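Have a look at the structure below, then the notes.
Here is the naming used below: chain letters follow the sequence lines, and residue numbers restart at 1 for every chain. This structure is a prediction, so every number in the text was calculated from the model and none was measured. Side chains included, hydrogens not; waters and symmetry mates left out as well; all remaining heavy atoms used.
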Amino acid sequence: MTTPGPTPSPIPLTTVAELRQHHSQLVRLGLASHPAHARRLLSFLARDPASHFPYAARLLAHHPDPHPALFNSLFPALPPRHAARLLALMLSLPLPPDHFTFPRVLPGAQPLHLVAQLHALLLKLGFHAHTQSLNALLAAYLANARPDLASRVFRGGGDALDVVSWTTMVGGLCKLGRVHDAREVFDGMPERNLVSWNAMMSGYVKVGRFLDALEVFDEMRARGVEGNGFVAATAVVACTGAGALARGREVHRWVERSGVAMDEKLATAVVDMYCKCGCVEEARRVFEALPTKGLTLWNCMIGGLAVYGRGEDAVELFGRMEREGVAPDDVTLVNVLTACAHAGMVSEGRRYFDYIVRRYGIDPRMEHYGCMVDLYGRAGQLDEAKKVIDDMPMEPDVGVLGALFGACKIHGDVDLGDAIGWRVIKLDPQNSGRYVLLANLLASAGRWEDVARVRRLMDERNVSKEAGRSVIEIDGEVCQFQCGSLCHPQAEEVYAMAKDMMGRIGAEGYVPDTRDVLHDIAEEEKETPLLYHSEKLAIAFGLLRTRPGDTMRITKNLRVCRDCHEATKFVSRVFEREIVVRDRNRFHHFKDGKCSCKDYW
DNA sequence: ATAGGGTTAG
């Protein structure tokens, strides 16, 4: 059909009334079926498709010259229920779906039976070898958590599969936590592009397997494949997770050299990497060099200073953020409160809470009350902390109670800890850390029968303590040590060094602190001696490979135990090393026998 | 059609 009449005006329609008026005008002029006009009408309807759906459907049902494209353009914006009805309308006209239909309908399709119906229709209409339709189908099965069905389609896909199909499988399986399966698919890929490499890397990152992510990155580079901004961001995040500063620096330098754009996301990843690898100053330099700073970036920098114990700097930066006209959000509030909590700035924290909430209309959420509890709790003001809980407008969740519980541990309040610890465990029965904390607290008071109760409870519920792991990076090589494990290639040498190290600091006045020995509570009979804690092994290894005056950087998955904290202070003096330990939730910078946390953590 | 960033408490 020819397309007579005027081209439609490019001005978008803004109200439904306008739309109706315009539509009736078109009908009068006989232009209602002009494809461009219809597209304009429908694109308006697509903006709020759920409420305008009946109108859109009527428009299409009575369209004198329907074309699949008119329908296809609506699908992406429709909720699944309406999409299904629209498709039914299409079939009833009858207007057969075309090559664009399935890629448009499938992405949001749920629940599963809708996907299955679409699958059946797809086969019936002969799209079994249409790559884009198949890819959309794979993605839909994966999005509905059915890797089995996706795999079946995938295995039957044959020549119709392309890089995107493979990458969809890799990414989808990763999202479902099936990284192992994803890796198998990835290894079998006949061809990969940057998206594929990145999908595999970020899959590892998401499950915390940072070293595996970096290995994939290395393999990519070894094959001569250059990265882009996406890959760089993922690699940087992997370095952050692993605590691999030197490698992170390398990637950062590559970004600068290669001319990859430092956009907001990449910049945030880099700043975060430097912060979390204990280089706040370097993070600061990157931060300052960026011409425009978005909210996320400010948050990231403030949070970085916060966990480093630099409360004053964090708060000052917050002030600058305000002056530059960036409005804080709930995350900013968390970070500012954390900064105050970690620096012991109790009254400032209280003031900022009130100020930010009032000034910016932020609705304090559970997290924020948790921060307030932490703020008072760390400072030993347990009564104030309890008061926060009593006065907060919602029922405290495990997190908030956990903060108070943690404070009891720090300040040795056995009675309150005993009261609250059991409650926390009841609310969060699978979290091994809580049991360990309570057991340690009770043990410190010599209440061995209660300790045994905790132990039994863990056994009954089949909860086991997470193994302590420490990573140290030496000359760009990342080495991991696990508590009590002998799997390192130089294990014997490392163990000998650890013994020697403990002997040397013992002679200088170090006394083992066995109060936290129950860290190994779940290992029953064979409790791992303090000497074999993963960070002592990492430090011993570091001593073998560094010289006096050097800095060692260690990242560990749990919190530093008291004995390791004490020993590390001695090591820093006796062996003249600076040691930066990244904890599960903050930094400890050991130098000349002292720690930056002032033994307050 | 497939890919990247920040958040407290244990």
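Ring planes of H99(A) and H130(A): perpendicular class, angle over 60° (limits at 30 and 60°).
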Discussion item. Applying side-chain hydrogen bond (donor to acceptor under 3.5 Å, both in side chains) to N198(A) and N228(A), what does each step give before you reach the verdict?
Written reply: CA-CA 10 Å; N198(A) 196 37; N228(A) 62 7; over 6 Å; no
Worksheet item: Between N299(A) and T296(A), is a side-chain hydrogen bond (donor to acceptor under 3.5 Å, both in side chains) present by the stated rule, with each step listed?
Response: CA-CA 5 Å; N299(A) 284 345; T296(A) 310; 5.7 Å; no
Worksheet item: Would L214(A) and R209(A) satisfy side-chain contact (heavy atoms from CB on, under 4.5 Å), going step by step from the backbone distance to the final call?
Response: CA-CA 9 Å; L214(A) 288 176; R209(A) 291 173 56 177; over 6 Å; no
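If you check every strand for non-hydrogen atoms under 4.0 Å, F230(A) touches a base. In this structure, N228(A) reaches the bases: a heavy-atom distance under 4.0 Å links it to at least one base atom across the strands shown. Looking at heavy-atom distances under 4.0 Å, V270(A) makes no contact with the nucleic acid at all. As judged by a 4.0 angstrom heavy-atom cut-off over every strand, G406(A) is placed among residues touching the sugar-phosphate backbone only. At the heavy-atom level, D329(A) lies under 4.0 Å from base atoms of the strands shown. Among the heavy atoms of the strands lying under 4.0 Å from L266(A) is at least one base atom, whether or not backbone atoms are also near. D263(A) comes within contact range of at least one nucleobase, with a heavy-atom separation under 4.0 Å.
At dG4(B), one or more side-chain N or O atoms of S202(A) fall inside 4.0 Å of OP1 or OP2 (strictly under the cut-off). Listed pair H342(A) / dA9(B) meets the phosphate criterion, a side-chain N or O lying under 4.0 Å from OP1 or OP2. At least one side-chain nitrogen or oxygen of R378(A) sits closer than 4.0 Å to the OP1 or OP2 atom of dA9(B). Look at K175(A) and you'll find a side-chain N or O under 4.0 angstrom from OP1 or OP2 of dA3(B). OP1 or OP2 of dG6(B) has not a single side-chain nitrogen or oxygen of K276(A) nearer than 4.0 Å.
For the segment residues 149-174 of chain A, the set of residues with a heavy atom within less than 4.0 Å of an atom of DNA chain B comprises D162(A), V164(A), T167(A), T168(A), in numerical order. Contacts between residues 293-302 of chain A and DNA chain B, counted as heavy-atom distances below 4.0 Å, involve T296(A), N299(A).
Distance M321(A) CE to dT7(B) C1': 13 Å, rounded to the nearest Å. The NE2 atom of H368(A) sits 13 Å away from the P atom of dA9(B) (whole-angstrom rounding). For the pair M220(A) CE and dG4(B) C1', the interatomic distance rounds to 13 Å; values are reported in whole Å. Rounded to whole angstrom, the span from the CE atom of M366(A) across to the P atom of dT7(B) amounts to 20 Å. If you measure from atom OH of Y308(A) to atom C1' of dT7(B), you get 20 Å, rounded to the nearest angstrom. Put simply, CG on N198(A) is 5 Å from C1' on dA3(B), counting in whole angstrom units. In this structure, the CD atom of E264(A) is 10 Å from the C1' atom of dG6(B), given to the nearest Å. Rounded to a whole Å, the CG atom of D330(A) is 13 Å from the P atom of dT7(B).
Defined by atom type and a distance below 3.5 Å, a donor-acceptor pair is present between the side-chain atoms of S165(A) and N135(A). Between the side chains of R183(A) and Y204(A), a donor-acceptor pair is found at a separation under 3.5 Å. In this model, a donor atom of one side chain and an acceptor atom of the other lie less than 3.5 Å apart for Y360(A) and E322(A). In the model, T332(A) has no side-chain atom that pairs as donor or acceptor with a side-chain atom of N335(A) under 3.5 Å.
For D374(A) against dA9(B), no side-chain N or O and base N or O form a donor-acceptor pair under 3.5 Å.
Among R455(A), R461(A), Q430(A), the one residue that satisfies the side-chain hydrogen bond (donor to acceptor under 3.5 Å, both in side chains) test with Y435(A) is R461(A).
Salt bridge absent: D390(A) and K387(A) never bring a charged side-chain N and a carboxylate O closer than 4.0 Å. Contact check on K556(A) versus D583(A) returns no salt bridge, with no Lys/Arg side-chain nitrogen under 4.0 Å from an Asp/Glu carboxylate oxygen.
Of all nucleotides listed (dT8(B), dA1(B), dG5(B)), dT8(B) comes nearest to the side chain of V334(A). Looking at the side chain of N193(A), the nearest of the listed nucleotides dT8(B), dA9(B), dT2(B) is dT2(B). Residue N135(A) places its side chain closer to dA1(B) than to any other of dA1(B), dG4(B), dG5(B).
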